[in-house]
Amino acid sequence: MNIISSVREMQLEAERLRHAGKKIAVVPTMGFLHEGHLSLMRIARTYDIVMSTIFVNPTQFAPHEDFSKYPRNLERDSELAESAGTDILFTPSISEIYQQNHRTFIDVEKLTTVLEGKSRPTHFRGVTTIVAKLFNITKPHVGVFGQKDVQQVVVIQRMIRDLNFDIEILVGPTVREPDGLAMSSRNVFLSESERAQSTVLFRSLRHAEELLRSGERHVSRIVSAMNEMITHQPSAKIDYLSIADVTSLEELSDVQERSNLVISLAVWFGTTRLIDNIQVSLP
Ligand code: AMP
């Protein structure tokens, strides 16, 4: 595995590979890799070249958020990325990515003001900007992202379409711990007790899905049931619970037949904010 940290060097290498006819898949990450990230690298492995990127992107964190304490371990990440089939690991510094007086940002309207965007108003502007930059640096044919961050996928797909990026987006399923908790780099922040309580998130999503499948069509009743389950855990503080259309991300008050829904949530356990979602297609 080749490790590159210079933008120019990465662009030259990507250009060389493209010229040699190689199909490139990129997996952008913020590192502290876990099985969720590695599963995306294995999906990318079906292409000729797997490029993975590790960059804790400051512009997607608000000033009060956890940028400085976000977990990092480049040495371990390099071994894991290589074991999952990464050919080139791009690990730039902040100054390499954001030159002084960086002034250009990408804003996808509407889709970024709901759900995560309501709680984190500047988040997606940072995400779309870094993803566009990483696409310009790694020159991929394919970008691989996780369903775990479903709104990120929807927003990036819209950016790709609206700005005519010639890149295909693949989405990998959410990888979970055996007890259902979605894997996340932030899970290390959970205390033992918070970790035990956090399993309620997936259970509440599954319960909501069961209610939908058994014919419940009132979103308020489903959300109340989730709310009750989650608030039963002493450390849990709900940020949002939502049932929305998976394309527009518009929240629904009642559910129609034949709809594609995403049930999503953000919940604090102590100082750690966790998100999760499941997608449900009603026949
Ligand atoms: P992050 O390092 O958290 O920015 O995530 C990098 C990529 O990995 C994103 O596309 C995430 O959606 C994806 N990802 C994070 N956690 C998981 C998971 N548990 N299962 C699948 N993909 C994930």
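In this chain, residues are counted from 1 in sequence order. One-based numbering, in listed order, for ligands and for the atoms of each.
- With hydrogens left out, the protein atom closest to atom 4 (O) of ligand 1 is Met30 CG, 3.5 Å, a heavy atom.
- The distance from ligand 1 to the heavy atoms of Met183 drops below 4.0 Å at these ligand atoms: 16 (N), 17 (C), 18 (C), 19 (N).
- The nearest heavy-atom contact from the protein to atom 6 (C) of ligand 1 is Pro28 O, 3.4 Å.
- Among the atoms of His37, some N or O lies under 3.5 angstrom from an N or O of ligand 1.
- Between Ala182 and ligand 1, not a single N/O pair is under 3.5 Å apart.
- The OG atom of Ser235 lies 5.0 Å from the CD atom of Glu194; values are rounded to the nearest 0.5 Å.
- Put simply, CG on Asn57 and CE on Met30 are 7.5 Å apart, with the number rounded to the nearest 0.5 Å.
- When only non-hydrogen protein atoms are considered, atom 20 (N) of ligand 1 lies nearest to Val175 N, 2.8 Å.
- Judged by the 6.0 Å and 45° rule, Arg72 forms a cation-pi pair with Phe67.
- For ligand 1, one of its N or O atoms has an N or O atom of Asp149 under 3.5 Å away.
- Figure legend: cation-pi geometry between Lys69 and Phe189, with NZ or CZ positioned under 6.0 Å from the six-membered ring centre and within 45° of its axis.
- Annotation: atom 23 (C) of ligand 1 to nearest protein heavy atom, Lys148 CB, 4.0 Å.
- Atom 9 (C) of ligand 1 has its closest protein heavy atom at Gln152 NE2, 3.8 Å.
- For ligand 1, the atoms closer than 4.0 angstrom to any heavy atom of Leu40 are 7 (C), 8 (O), 10 (O), 13 (C).
- Across all their heavy atoms, Asn260 and Ser281 have their closest contact at OD1-OG, 2.7 Å.
- Nearest approach of Ile167 to Gly143, heavy atoms of both residues: CG2-N, 3.7 Å.
- For Arg176, the heavy-atom gap to ligand 1 stays at 4.0 angstrom or more.
- For the pair Lys133 and Tyr98, the cation-pi test (distance below 6.0 Å, angle within 45°) is passed.
- Glu79 and Ser83 share no donor-acceptor pair across their side chains, judged by distance under 3.5 Å alone.
- Shown in contact with Phe145 at under 4.0 Å from a heavy atom are these atoms of ligand 1, numbered in order with element: 10 (O).
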Side chain to side chain donor-acceptor pair (under 3.5 Å) between Thr199 and Asp179: does it pass, once the steps are laid out? CA-CA 7 Å; Thr199 59; Asp179 63 10; 5.5 Å; no
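- Only side-chain heavy atoms of His34 come within less than 4.0 Å of ligand 1; its backbone N, CA, C and O stay farther off.
- The shortest N or O to N or O distance between Val144 and ligand 1 is not under 3.5 Å.
- For the pair Arg76 and Phe32, the distance from NZ or CZ to the six-membered ring centre is under 6.0 Å and the angle to the ring normal is within 45 degrees.
- Geometrically, ligand 1 and Gly146 share a nitrogen or oxygen pair separated by less than 3.5 Å.
- In terms of protein heavy-atom proximity, atom 21 (C) of ligand 1 is nearest to Pro173 O, 3.4 Å.
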